[in-house]
Every structure is written in structure tokens, then in C-alpha cells.
S.K.: 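Quick one: the structure is below, questions incoming.
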Amino acid sequence: QVQLVESGGDSVQAGGSLRLSCAASGSTTRYNCMGWFRQAPGKEREGVAGIHTGRGTTYYPDSMKGRFTISKDNAKNTLYLQMNSLKPEDSAMYYCAADSSSADCYRKFVSISYDDWGQGTQVTVSS
């Protein structure tokens with residue numbers, strides 16, 4: 001089973017930026033769909049950004065469009081999340097996820113139904 005390991009989480013002030021990385025132990029090309037999700041204490045897990053690895057199509061909730069950017073580097077087997085203009089409400093544990101069972105990545109993203117998950121990396125934004 002491919003392992004997903006997130007890194008890059010940190011404590012930053014509001015307005016700052018972070019880039020999260022998700023390193024896969026195997027090739028990311030085996031996955032059709034990859035994405036970033038987050039969960040704050042007492043809240044449900046929510047989608048942050050998704051990507052169809054073959055087509056490059058990306059998906060973002062309206063609240064994150066323009067601030068967050070998902071990208072991948074197949075040569076490095078790594079998925080990235082660039083986060084700009086961070087707000088205190090962005091504070092959460094951020095998880096990387098991947099799925100190879102379907103090419104309907106939009107449905108996978110909105111239903112948060114991915115097969116493989118990382119352990120998460122903590123992002124804390126102070127005001």
C-alpha cells in the first residue's frame with residue numbers, strides 16, 4: 001500500500017503563506033484523484049482542493065478559490081498545496097488523500113471518499 005506523508009504545517013500569522021507537501025511512497029500516477037482536506041476540532045472534515053492527476057483538472061470550494069492552489073510533481077511523487085492570505089479560520093489539521101478506484105474526481109472530492117489518507121500536518125494561523 002502506498003503511504004502518504006504530509007509536511008509543511010506550521011504556525012503563522014494571519015495574511016501569511018504556507019506550502020504543504022504530500023510525499024507518496026510510490027508513484028502518484030497510479031492515482032486518478034488526489035486532494036487536500038482539513039479538519040478543525042469539533043468540525044467535520046472538509047475539502048480544500050482536489051485534482052485529477054491525469055487531466056490536471058482542479059477543484060476548489062468557493063471559499064478557497066484564489067487563495068489556495070493544488071499542484072503535483074509526478075517526478076517527485078509529491079502533491080502540494082500552496083496557501084496564501086491565511087486566516088485564523090484556516091487553522092486545522094490538513095490531510096492528503098488519494099484514490100485510484102474512480103476517474104470521477106469531482107464526485108470523489110465532494111463526497112470525501114478517497115481510499116488512502118496521510119496522517120496530517122497541523123496548520124495554525126494566529127490573528
S.K.: Rounded to the nearest 0.5 Å, how far apart are CD of Gln3 and CG of Asp116?
M.R.: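 Interatomic distance, Gln3 CD to Asp116 CG, rounded to 0.5 Å: 10.0 Å.
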S.K.: Would you give the length of the straight line joining atom SG of Cys33 to atom CG of Asp99, rounded to the nearest 0.5 angstrom?
M.R.: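 Those atoms lie 5.5 Å apart.
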S.K.: Determine the minimum heavy-atom distance between Cys96 and Met34, stating which atoms define it.
M.R.: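 Smallest interatomic distance, heavy atoms only, reads SG-CE, 4.3 Å.
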S.K.: Can you give me the closest heavy-atom contact between Ala14 and Ser127, atom names plus distance?
M.R.: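 The answer is CB-CA, 4.3 Å.
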S.K.: Backbone N or O of Gly120 within a donor-acceptor pair of the Glu6 side chain at under 3.5 Å?
M.R.: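 Checking the backbone N and O of Gly120 against the side chain of Glu6, a donor-acceptor pair under 3.5 Å is found.
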S.K.: Mind checking what makes salt bridge (charged side-chain N to carboxylate O under 4.0 Å, His left out) contact with Arg107, not counting sequence neighbours?
M.R.: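 Applying salt bridge (charged side-chain N to carboxylate O under 4.0 Å, His left out) to Arg107 gives Asp104.
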S.K.: For Ala23, which residues count as a side-chain contact (heavy atoms from CB on, under 4.5 Å) partner, sequence neighbours excluded?
M.R.: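 Partners of Ala23 under the side-chain contact (heavy atoms from CB on, under 4.5 Å) test: Thr78.
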S.K.: Run the ring-centre check on Phe37 versus Phe109 and record whether the distance is less than 6.0 Å.
M.R.: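 Between Phe109 and Phe37, which both carry aromatic rings, the centre distance is below 6.0 Å.
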S.K.: Considering only residues two or more places apart or on different chains, which pairs with a residue in residues 66-86 satisfy salt bridge (Lys or Arg N to Asp or Glu O under 4.0 Å)?
M.R.: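 Every pair satisfying salt bridge (Lys or Arg N to Asp or Glu O under 4.0 Å) with a residue in residues 66-86: Arg67-Asp90.
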S.K.: Can you give me the closest heavy-atom contact between Ala49 and Leu81, atom names plus distance?
M.R.: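 Heavy atoms of Ala49 and Leu81 come nearest at CB-CD1, 4.0 Å.
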S.K.: Which pairs with one or both residues in residues 48-62 pass side-chain hydrogen bond (donor to acceptor under 3.5 Å, both in side chains), sequence neighbours excluded?
M.R.: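 As it turns out, the side-chain hydrogen bond (donor to acceptor under 3.5 Å, both in side chains) pairs with a partner in residues 48-62, which skip direct neighbours, are Asp62-Lys65.
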S.K.: Going from CG on Leu20 to CH2 on Trp36, what distance comes out if it is rounded to the nearest 0.5 angstrom?
M.R.: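 The CG atom of Leu20 sits 5.0 Å away from the CH2 atom of Trp36.
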S.K.: Should Ser101 and Asp115 count as side-chain neighbours, where that means a heavy-atom distance under 4.5 Å?
M.R.: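 Yes - at least one pair of side-chain heavy atoms lies under 4.5 Å apart.
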S.K.: Under a single-linkage definition using a 4.5 Å side-chain heavy-atom cutoff for Ile, Leu, Val, Met, Phe, Trp and Tyr, are Tyr94 and Val5 assigned to the same hydrophobic cluster?
M.R.: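 Shared cluster, no.
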S.K.: Give the intermediate values and the outcome of side-chain hydrogen bond (donor to acceptor under 3.5 Å, both in side chains) for residues Ser100 and Asn32.
M.R.: CA-CA 5 Å; Ser100 59; Asn32 295 321; over 6 Å; no
S.K.: Show the nearest heavy-atom pair for residues Lys108 and Ser102, with the distance to one decimal.
M.R.: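 Reported closest heavy-atom pair: CE-CB, 3.6 Å.
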S.K.: Using a cut-off of 6.0 Å, state whether more than 12 heavy atoms not belonging to Gln39 lie near its atom CD.
M.R.: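 Count over threshold, so yes.
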S.K.: Looking at CE of Met93 and OG1 of Thr124, how far apart are the two atoms once the value is rounded to the nearest 0.5 Å?
M.R.: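 That separation rounds to 9.0 Å.
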S.K.: Specify the closest pair of heavy atoms between Ser85 and Ser17, including all atoms of both residues, with the distance to one decimal.
M.R.: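 Minimum heavy-atom separation between Ser85 and Ser17: N-OG, 4.3 Å.
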S.K.: Give me the atom names and distance for the closest heavy-atom approach of Val48 to Phe68.
M.R.: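 Minimum heavy-atom contact is CG1-CD1, 3.2 Å.
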S.K.: Any chance you could measure Ser7, atom OG, to Gln119, atom CD, to the nearest 0.5 Å?
M.R.: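 Separation between the atoms: 13.5 Å.
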S.K.: Taking salt bridge (charged side-chain N to carboxylate O under 4.0 Å, His left out) as the test, write out the residues that go with Arg45, two or more places apart.
M.R.: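 Once residues adjacent in sequence are excluded, Arg45 has no partner under the salt bridge (charged side-chain N to carboxylate O under 4.0 Å, His left out) criterion.
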S.K.: The criterion is side-chain contact (heavy atoms from CB on, under 4.5 Å); which residues satisfy it with Val12, sequence neighbours excluded?
M.R.: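 Val12 satisfies side-chain contact (heavy atoms from CB on, under 4.5 Å) with Leu18, Leu86, Val125 only.
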